[in-house]
Amino acid sequence: MPFSPKRVAVFGASGAIGSAFAQECLDRYGTAKVFCFARSPERIPKHDRIESHAFSLEDLEGLQANAEAIKAVGGLDLIFVATGQLHSATAKPEKTMRSLSIASMEETLHTNTILPAMIMKHFLPLLPKHKKAVFAVISARVGSVSDNYLGGWYSYRASKAALNMLIRCAAIEMQRTHQSSVVIGVHPGTVDSDLSKPFQRNIPEGQMMRPAKSAAMLLDVISKVDQSQTGKCLAYDGTEILP
Ligand SMILES: NC(=O)c1ccc[n+]([C@@H]2O[C@H](COP(=O)([O-])OP(=O)(O)OC[C@H]3O[C@@H](n4cnc5c(N)ncnc54)[C@H](OP(=O)(O)O)[C@@H]3O)[C@@H](O)[C@H]2O)c1
C-alpha cells in the first residue's frame, strides 16, 4: 500500500529544506495536516492545513506540551527534522584543529545533535504501533566517518556522526514496540540555502539542488523506505551512506 501520511510534523519549517518539505507534503497528500515547528514561527509558510508552533531547546516543557497535545488528537504518521547549523555568528566550521573552541563546538552539537535527540524523546512515542510511520532526520554525508577523506569541519562532522548514532539507537529501541516504524537519517544533497551559501563557490557546476527538488526526492525515499532500512542514513537518491 502506498505511504500516505495523514498527519505530518516538520521541525525547522522556516528553513530552505524544511519549508520545501512541508510544501511537498501539502501538495502530495491532499488532506494531510502539517504541524510545523520553528524557533521563528513567523517564518513558517502560511497554509490552511499548516498549524504553526514555536519551539526551542530552551523550552523543553513547551516541546513536551506540544507533543502531548498532538498525541491527544491522534498522533503522527511522519516526522521530519530539518533543523541544523553549519555556521553562525559565533560558530564557524573549523578548517584546522587550531580553530577548535569549546563554545563553538557546544553550539554546533547543541543544534545538530541534542536538539534532534529531544525531538526524538518527545515525538517518537506519537507514531502508531501497527502501521508504517517514519521519523526522518536530516543528517549529512560529511557525518560519515568512512567517507571522510578531506578532514576539516570538525564540529559539524562530529555533530552529524553523533546524530547518526542516536538515530541507530532510537531505531533499535523503536523496533521493540513499534515494529512498523522506521527511523532514518537522510542526506539532502548539496542544496541552495542560507546554510550552504558561504560555501557555494566551491560547489561544482550543476551539483547544487533547489530545496524543492531535494525535498521531493527525500519524500520519495521516505515513501519507499521499509523496516529493513531502519537505523540507516540514506541519501536523496535512496543509496545508503555508510557510517
Ligand atoms: N544545504 C545543504 O547543502 C545541506 C547539505 C547536507 C545537510 N544539510 C542539512 O540539512 C538541514 C537543513 O538545512 P538547510 O540547508 O535547509 O538550512 P537552513 O535553510 O539554514 O535551515 C536550517 C533550519 O534549522 C533551524 N535552526 C538552526 N539552528 C536552530 C536552533 N538552535 N534551534 C531551532 N532551530 C534551529 C533554522 O531556524 P531559523 O529559521 O530560525 O534560523 C532553520 O529552520 C540541516 O540539518 C543541514 O545540516 C544541508
Side-chain angles (χ1 to χ4, degrees), residues 3 5 8-12 17-18 21 35 37 55-61 63-64 66-68 70-71 75-86 105-148 153-188 218 221-222 224-236 238-243:
F3 184 51
V8 178
V10 179
F11 289 85
I17 303 172
F21 189 88
F35 298 89
F37 291 82
F55 91 112
S56 81
L57 259 189
E58 286 66 47
D59 180 21
L60 285 179
E61 282 178 11
L63 187 67
Q64 183 174 359
N66 276 316
E68 283 167 4
I70 296 174
K71 189 170 186 178
L76 294 164
D77 313 301
L78 171 59
I79 302 168
F80 186 74
V81 182
T83 49
Q85 77 165 59
L86 172 57
M105 289 189 85
E106 278 180 352
E107 183 182 326
T108 303
L109 272 104
H110 187 91
T111 303
N112 293 349
T113 314
I114 299 173
L115 181 63
M118 291 301 117
I119 298 170
M120 279 176 186
K121 172 179 170 176
H122 293 294
F123 279 77
L124 271 172
L126 272 62
L127 299 184
K129 288 200 169 162
H130 303 297
K131 68 175 173 118
K132 176 172 170 177
V134 179
F135 184 96
V137 190
I138 305 188
S139 182
R141 190 180 295 281
V142 297
S144 162
V145 175
S146 58
D147 193 59
N148 182 2
W153 291 13
Y154 285 75
S155 301
Y156 184 74
R157 285 183 186 274
S159 68
K160 295 292 191 179
L163 173 64
N164 292 343
M165 181 58 88
L166 293 171
I167 290 164
R168 185 64 165 243
C169 287
I172 291 168
E173 188 173 338
M174 285 294 282
Q175 271 180 322
R176 298 184 189 129
T177 50
H178 293 67
Q179 279 86 11
S180 307
S181 292
V182 176
V183 182
I184 49 169
V186 290
H187 167 63
L218 291 174
V221 170
I222 287 168
K224 291 184 197 133
V225 77
D226 65 34
Q227 259 300 311
S228 67
Q229 293 164 302
T230 196
K232 295 186 171 172
C233 183
L234 304 174
Y236 58 94
T239 54
E240 183 180 350
I241 296 175
L242 296 175

Practice task
Classify the angle between the aromatic ring planes of Phe11 and Phe37 as parallel (below 30°), tilted (30 to 60°) or perpendicular (above 60°).
Solution key: parallel
Exercise for the section: Tell me, with the steps shown, if Ile119 and Val137 meet side chain to side chain contact (heavy atoms under 4.5 Å, CB included). Expected result: CA-CA 10 Å; Ile119 298 170; Val137 190; over 6 Å; no
Show the nearest heavy-atom pair for residues [X] and [Y], with the distance to one decimal.
{"X": "Ser144", "Y": "Ile241", "answer": "CB-CG2, 3.8 Å"}
{"X": "Val221", "Y": "Ala235", "answer": "CG2-O, 3.7 Å"}
{"X": "Leu60", "Y": "His122", "answer": "O-NE2, 4.5 Å"}
{"X": "Leu163", "Y": "Ser139", "answer": "CD2-CA, 4.0 Å"}
{"X": "His130", "Y": "Ser180", "answer": "C-OG, 3.7 Å"}
{"X": "His187", "Y": "Ala140", "answer": "ND1-CA, 3.7 Å"}

Could you check whether any side-chain N or O of [X] sits under 3.5 Å from a backbone N or O of [Y], counting only pairs where one atom can act as donor and the other as acceptor?
{"X": "Gln227", "Y": "Gln179", "result": "yes"}
{"X": "Thr108", "Y": "Tyr156", "result": "no"}
{"X": "Lys224", "Y": "Phe3", "result": "no"}
{"X": "His178", "Y": "Leu127", "result": "yes"}
{"X": "Ser146", "Y": "Pro243", "result": "yes"}
{"X": "Thr113", "Y": "Ser159", "result": "yes"}
{"X": "Gln229", "Y": "Asp226", "result": "yes"}

Find the distance between [atom1] ([X]) and [atom2] ([Y]) and round it off to the nearest 0.5 Å.
{"X": "Met120", "Y": "Leu166", "atom1": "CE", "atom2": "CG", "result": "5.5 Å"}
{"X": "Cys233", "Y": "Ile138", "atom1": "SG", "atom2": "CD1", "result": "10.5 Å"}
{"X": "Ile184", "Y": "Ile167", "atom1": "CD1", "atom2": "CD1", "result": "8.5 Å"}
{"X": "Leu234", "Y": "Ile222", "atom1": "CG", "atom2": "CD1", "result": "9.5 Å"}
{"X": "Met118", "Y": "His110", "atom1": "CE", "atom2": "NE2", "result": "10.0 Å"}
{"X": "Phe55", "Y": "Thr83", "atom1": "CZ", "atom2": "OG1", "result": "5.0 Å"}

Problem - Verdict with supporting geometry, Asp77 and Lys131, side chain to side chain contact (heavy atoms under 4.5 Å, CB included) - result: CA-CA 9 Å; Asp77 313 301; Lys131 68 175 173 118; 3.1 Å; yes
Practice task
Could you pull out all residues at least two apart from Ile172 that satisfy side chain to side chain contact (heavy atoms under 4.5 Å, CB included)?
Solution key: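 Expected list: Arg168, Arg176.
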Handout entry: Contact check, side chains of Val134 and Phe80, non-hydrogen atoms, under 4.5 Å
Key =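 No, too far: nothing below the 4.5 Å cut-off.
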Exercise for the section: Indicate yes or no: at least one non-hydrogen side-chain atom of Met174 is less than 4.5 angstrom from one of Thr230. Expected result: no
Problem - Heavy atoms from other residues, nucleotides or ligands near CD of Glu240 exceed 12 (cutoff 6.0 Å) - result: yes
Practice task
Could you tell me which residues satisfy salt bridge (Lys or Arg N to Asp or Glu O under 4.0 Å) with Lys132, sequence neighbours excluded, listed by chain and number?
Solution key: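 Applying salt bridge (Lys or Arg N to Asp or Glu O under 4.0 Å) to Lys132 gives none.
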Practice task
State, without any angle test, whether Gln85 and Glu107 hold a side-chain donor-acceptor pair at a distance under 3.5 Å.
Solution key: yes
Practice task
Determine, stepwise, if the pair Ile70 / Phe123 fulfils side chain to side chain contact (heavy atoms under 4.5 Å, CB included).
Solution key: CA-CA 9 Å; Ile70 296 174; Phe123 279 77; 4.1 Å; yes
